[in-house]
Structures are given as structure tokens and as C-alpha cells.
2 protein chains.
Amino acid sequence: MRVKWHDGYRTFKRVNMSDQQQLLDTLAQVGRALGNGHRLALLERLAQGEAPVETLATTAGLTVGNASQHLQQLRRAGLVTASRAGKQMIYRLTDERIVSLMGLLREIAETNLAEMERLVGQLFADDDAHGALEAVTRDELMAGLERGEVALLDVRPEDEYSAGHLPEAINIPLPVLEQMLERLPRDKEIVAYCRGPYCALSHEAVQRLRQLGYRVRRFEEGYPEWKAAGLPVA
Amino acid sequence: MRVKWHDGYRTFKRVNMSDQQQLLDTLAQVGRALGNGHRLALLERLAQGEAPVETLATTAGLTVGNASQHLQQLRRAGLVTASRAGKQMIYRLTDERIVSLMGLLREIAETNLAEMERLVGQLFADDDAHGALEAVTRDELMAGLERGEVALLDVRPEDEYSAGHLPEAINIPLPVLEQMLERLPRDKEIVAYCRGPYCALSHEAVQRLRQLGYRVRRFEEGYPEWKAAGLPVA
DNA sequence: CCATCATTCTATCGTTTCATAGAATAATGG
DNA sequence: CCATTATTCTATGAAACGATAGAATGATGG
């Protein structure tokens with residue numbers, strides 16, 4: 001029973017292999033897809049919404065060719081699909097649960113890896129320097145919105161915002177923040193969010209706005225987590 | 001800022017790398033740990049309960065030396081910890097959530113990989129041959145136990161059973177199944193379970209018991225999933 | 001202290017992964 | 001049909017991974 005597979009090596013190894021081990025090997029293929037920082041960056045971008053290769057390459061800081069290769073690998077692992085739209089190939093996540101998978105991976109890593117704690121600490125160091133800027137939790141945010149006490153600020157690029165965002169959120173991409181301050185109300189607390197817990201955009205936005213005298217905090221999650229939790233999006 | 005790391009290559013690459021990418025790279029380390037079938041087999045065994053290296057090596061079908069290396073890798077990824085007990089090193093999962101992580105990985109793979117479907121189909125082919133032997137769901141099982149209509153059979157090796165098992169379960173390791181039939185009631189339906197959805201032990205047990213005329217089905221999950229769901233264990 | 005047992009460490013070899021550059025393919029608009 | 005644009009494919013070299021065998025370490029029990 002020689003099963004045709006992606007390459008000769010595996011074909012050889014899989015001969016006479018228990019169903020069990022074959023299943024685990026196939027699962028491992030999915031694990032391997034998560035085993036590279038650049039691919040995780042691509043997945044994080046895809047969690048914001050579908051996108052063509054060039055966009056993905058740019059946000060992940062890769063050459064187009066290299067990004068394409070990583071995307072093929074994600075495709076073989078069943079994590080993304082692609083469809084053609086004119087000259088462009090549009091990639092998207094196959095499954096809403098992939099966001100949960102990455103979230104769980106993150107939580108486990110944060111709990112059990114010292115290195116992780118160090119890096120997260122570093123990411124939050126600037127916040128602390130400005131005086132205990134705790135991130136806003138989901139419940140807090142929802143309560144604040146309910147009472148009309150907070151304004152939501154989405155600092156992601158415009159294309160990610162328009163692919164989906166939190167209800168009522170105002171979009172000011174970080175690079176043009178200072179040029180569009182008139183969009184922000186001065187009488188409410190501002191809560192900034194971006195791509196997820198590790199996305200630096202909202203950290204940066206909070207720092208810059210505080211320097212300008214705004215009352216502003218960071219939402220501890222991002223758009224993908226909000227959406228994956230089944231909460232309403234626009 | 002040259003951070004000391006596991007090897008020279010990474011140290012070099014990480015210079016001037018964004019916090020962002022460093023975090024994703026560290027996460028990727030956890031992903032990579034899940035990217036090998038043998039390591040997944042080790043994790044599956046560890047989900048049954050802590051064990052020394054030799055036991056782990058045997059159940060995963062590895063040499064002791066090789067198993068040790070894989071375990072080091074899992075340790076570096078923060079997925080397992082080890083402690084010495086006399087001459088032996090006892091390994092265990094660091095976190096209950098790792099079972100959920102593997103479950104989610106499995107669900108996503110099953111939905112999105114054709115190869116996965118094929119292999120699962122193969123695993124279930126024998127059941128179907130004997131006439132639509134649907135696996136028992138968790139709810140069904142709980143209802144059946146409640147009404148006292150089913151007897152639970154744990155076909156895992158004795159050491160895994162004694163590390164924890166479903167309440168009221170009778171343990172008959174598969175290799176000695178025929179020698180211990182007197183432990184099984186003949187007036188109830190028997191539900192067999194083992195290590196998890198892909199574990200072949202309960203499949204095999206069901207086939208052999210049906211040949212002997214027992215009314216018997218398979219539980220669709222295993223001990224780790226039951227425990228991870230917060231249900232009572234003995 | 002020595003012999004034993006369990007495990008880890010080290011060196012090695014073959015295979016795989018990753019990034020790069022450049023060729024090939026596919027759709028579009030003249 | 002040709003030039004352009006977007007993407008994928010192919011070949012290459014450097015680094016990492018995985019399995020093996022044998023040496024080294026660490027705890028135990030005489």
C-alpha cells in the first residue's frame with residue numbers, strides 16, 4: 001500500500017506505518033505550519049481579513065516570492081485557501097477556529113515560557129513608564145461603550161479596517177494619526193485597538209496620544225479575537 | 001542588544017528584530033514542537049498521565065535516546081516538565097490546556113485536510129464493515145451511565161488506568177482482553193474507550209468483543225478529553 | 001568506591017527547511 | 001499577439017532537524 005504523497009521520502013516512510021502514526025504525522029504537518037514566525041505573521045494578517053499576496057508580503061516584511069512559498073505551505077496544511085481575482089490571488093483563512101488556535105498557543109506560551117514573559121514585558125515597558133497604563137479588558141470596553149463613555153479608535157491600515165472592524169470604531173491609521181486628530185472626541189476616554197495582543201500599533205498610538213494630552217488606553221485584544229468571540233462587527 | 005539564545009544562528013538573526021517578530025518567533029518555537037508525529041505521540045501518552053522516559057519511548061515506538069531528545073525539545077517549548085524520582089526522570093504536561101490545543105489542532109485538520117479525512121475513514125473502515133457502529137458521544141455516554149444501562153471498559157495499559165480513568169470504568173488492557181472476560185457484565189451494553197479519538201485500542205476491543213457476541217460500542221473520545229472537559233475522574 | 005541502571009549528551013550523516021535570485025506561468029489591456 | 005503585472009515555480013546554498021551509536025553523567029545499592 002504505497003500512498004502517493006507530497007514527496008518521495010514520506011511515501012517511503014509511510015509504507016507499513018500504523019494508521020495511528022499516519023494520523024499524527026498529518027497532524028504534525030499542521031503543527032509545522034505554525035512553526036515559523038513569518039508564517040504566524042501571515043496568519044495574523046489574514047485574521048484581519050482576506051488579502052492578496054503583495055499585501056501579505058508587505059505586512060509580514062517578506063519578499064513576494066518568499067511570502068508565496070510560505071503561503072503554499074499554509075495551504076498544504078489546510079490553514080488557508082486562495083482564489084484568483086483578476087491578476088491577483090486572494091488568500092484567506094479556511095477556518096474561524098484558526099484564530100482560537102493561535103490564541104491558545106499564545107496563552108500556553110505565555111504561561112510556560114520564561115522567554116515569552118520577558119518579551120511581553122518589553123512590549124509593555126513603555127506603557128508602564130507613563131504610569132501604570134493597564135489595558136482595557138473586553139468586559140470593561142463593552143461596559144464603557146454601553147454607557148457612551150468611550151470612543152473606539154482603530155489604528156490599523158485602512159484596508160484592514162474596511163474588511164471588518166469593531167462597531168462604532170473610528171479609523172485613523174497610525175502613520176496619519178497626528179493629521180486626523182479632529183476625528184477624535186476630546187470629552188471621552190479613547191480606547192485604541194489593532195490586530196491583536198502583540199500588535200504594536202495601539203501601543204504606539206497610546207503613547208503618542210497621551211503626549212498630546214488625550215485620555216487614552218489600549219484594548220488588550222484585537223479585532224480577530226473580538227470577531228472570533230462571536231461579537232458583532234461592522 | 002545581543003540576546004543569548006540557544007544557538008549562534010538565532011542570536012545573530014534576532015539582532016535588531018522587532019519585538020513583534022521576536023514574540024512570533026518564540027510562539028513558533030511552540031508550534032515547531034507540535035510539528036513532528038513522534039512528539040505528538042509523546043504528548044498523547046503524557047496526556048494520560050506522567051511517565052518516565054522508558055515508558056514514553058516504548059509507547060511512542062522510539063529508542064530511549066531518541067525519545068529523550070524529543071522530550072528536551074518539548075521542554076524547551078514549555079510543553080512538558082521533568083522531575084527526578086530516584087534513577088528515573090518523570091515527565092508531565094505543564095498545562096491542562098495542551099490537551100485542548102491538540103484537540104483544536106485535530107478538529108481543524110479534520111475539517112480542512114482531505115488527507116486527514118481519508119485516514120480517519122480508514123481507521124473507521126472496520127467498524128462500518130460490521131454494520132454502522134456509530135461511536136458513542138459524550139452526552140449519550142453520560143445518559144447511559146446515569147440510567148445504569150452501560151458498563152464502561154478502559155482498554156489502556158494498567159499504568160495509564162491507575163494514573164486516572166473515567167468513574168466506574170473496568171480496566172482490561174487489550175492484550176489480556178480474552179483472559180478477563182468474566183469482569184464484563186453480559187446484561188449491559190459495553191462502551192470501550194482508550195487514549196483519544198485516534199487511539200486504535202478501543203476500535204480493536206470493539207471488534208474482538210463483537211465477535212464474541214457482546215453488545216459493545218466505542219466512546220468517541222478518550223480519557224484526556226473527558227478530563228480536560230472538567231468531568232470527574234477516578 | 002564500584003557496578004548497575006536510567007537518562008542525557010555529543011558527534012555524525014542524511015534529509016528537510018528557509019531565503020534568494022531568476023525563469024516560468026497566468027491574466028489583463030492595449 | 002505583445003507588454004505588463006501578479007504570482008508561482010525551480011535551483012541553489014546555508015542552516016536546522018532527526019535518527020543513530022557510543023560516551024558521559026547521576027542516582028542507587030551493595
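Basis for what follows: all heavy atoms, side chains included, without hydrogens, waters or symmetry-related copies. All chains are named by letter (A, B, ...) in the order of the sequence lines, taking the proteins before the strands, and each is independently numbered beginning at 1.
Formation of a donor-acceptor pair under 3.5 Å by the B/Ser68 side chain with backbone atoms of B/Val64 is not found in this model. A donor-acceptor pair under 3.5 Å links the side-chain atoms of A/Gln48 to the main chain of A/Arg195, judged by distance alone.
Residue B/His70 places at least one side-chain N or O under 4.0 Å from the OP1 or OP2 atom of D/dA19. Residue B/Tyr91 places no side-chain N or O under 4.0 Å from the OP1 or OP2 atom of C/dA6. Residue A/Gln73 places at least one side-chain N or O under 4.0 Å from the OP1 or OP2 atom of C/dC18.
Rounded to a whole Å, the CG atom of B/Asn66 is 15 Å from the C1' atom of C/dC13. Atom CG in A/Leu71 sits about 7 Å away from atom P in D/dT8, given to the nearest Å. In this structure, B/Arg32 places its CZ atom 10 Å from P of D/dA16, rounding to the nearest Å. Taking atom CG of B/Leu42 as the reference point, atom P of C/dT7 lies 13 Å away to the nearest angstrom. Between B/Leu74 atom CG and D/dG18 atom P there is a gap of 11 Å when expressed in whole angstrom units. A straight line from NE2 of B/His38 to C1' of C/dT15 spans 14 Å, rounded to a whole angstrom. In this structure, B/Ile90 atom CD1 and D/dG26 atom P are separated by 19 Å, rounded to whole Å.
For B/Gln72, the CD atom counts as densely surrounded, since its 6.0 Å shell holds more than 12 non-hydrogen atoms of other residues, nucleotides or ligands.
Taking only distance into account, the side chain of A/Gln69 meets the base of C/dT20 through a donor-acceptor pair shorter than 3.5 Å.
Between B/Gln72 and A/Leu62, the one whose closest nucleotide on DNA chain C sits nearer the 5' end is B/Gln72. When each of A/Pro52 and B/Asn36 is assigned the nucleotide of DNA chain D with its nearest heavy atom, A/Pro52 is the one assigned upstream, toward the 5' end.
A salt bridge does not link A/Arg183 to A/Asp154: none of the charged side-chain nitrogens sits closer than 4.0 Å to a carboxylate oxygen.
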Study note, to complete from the structure: Given protein heavy atoms under 4.0 Å, the one-letter contact record of nucleotides 24-30 of chain C, with B base, S sugar-phosphate only and - none, is simply ---SS--
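Picking from C/dT7, C/dT20, D/dT7 the nucleotide with the shortest atom distance to the side chain of A/Ser68 gives D/dT7. Nearest to the side chain of B/Met89, among D/dT8, C/dT7, D/dA6, sits C/dT7. Closest approach to the A/Arg39 side chain among D/dT7, D/dT20, C/dC18 is made by C/dC18 (side chain taken as heavy atoms from C-beta onward).
Contacts of B/Arg75 with the nucleic acid, taken as non-hydrogen atoms under 4.0 Å apart, are absent.
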Under 3.5 Å, side-chain donor or acceptor atoms of residues 172-180 of chain A against the rest of the protein: list the pairs with distances, not counting sequence neighbours.
unit_1   : atom_1 : unit_2   : atom_2 : d
A/Glu178 : OE1    : A/Arg208 : NH2    : 2.8
A/Glu178 : OE2    : A/Arg208 : NE     : 3.1

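Between B/His70 and B/His38, the ring-plane angle classifies as tilted under the 30° and 60° cut-offs.
The salt bridge (charged side-chain N to carboxylate O under 4.0 Å, His left out) pairs that include a residue from residues 92-105 of chain B are A/Glu107-B/Arg97, B/Glu50-B/Arg92, B/Asp95-B/Arg97, B/Glu96-B/Lys227, where partners are two or more places apart or lie in different chains.
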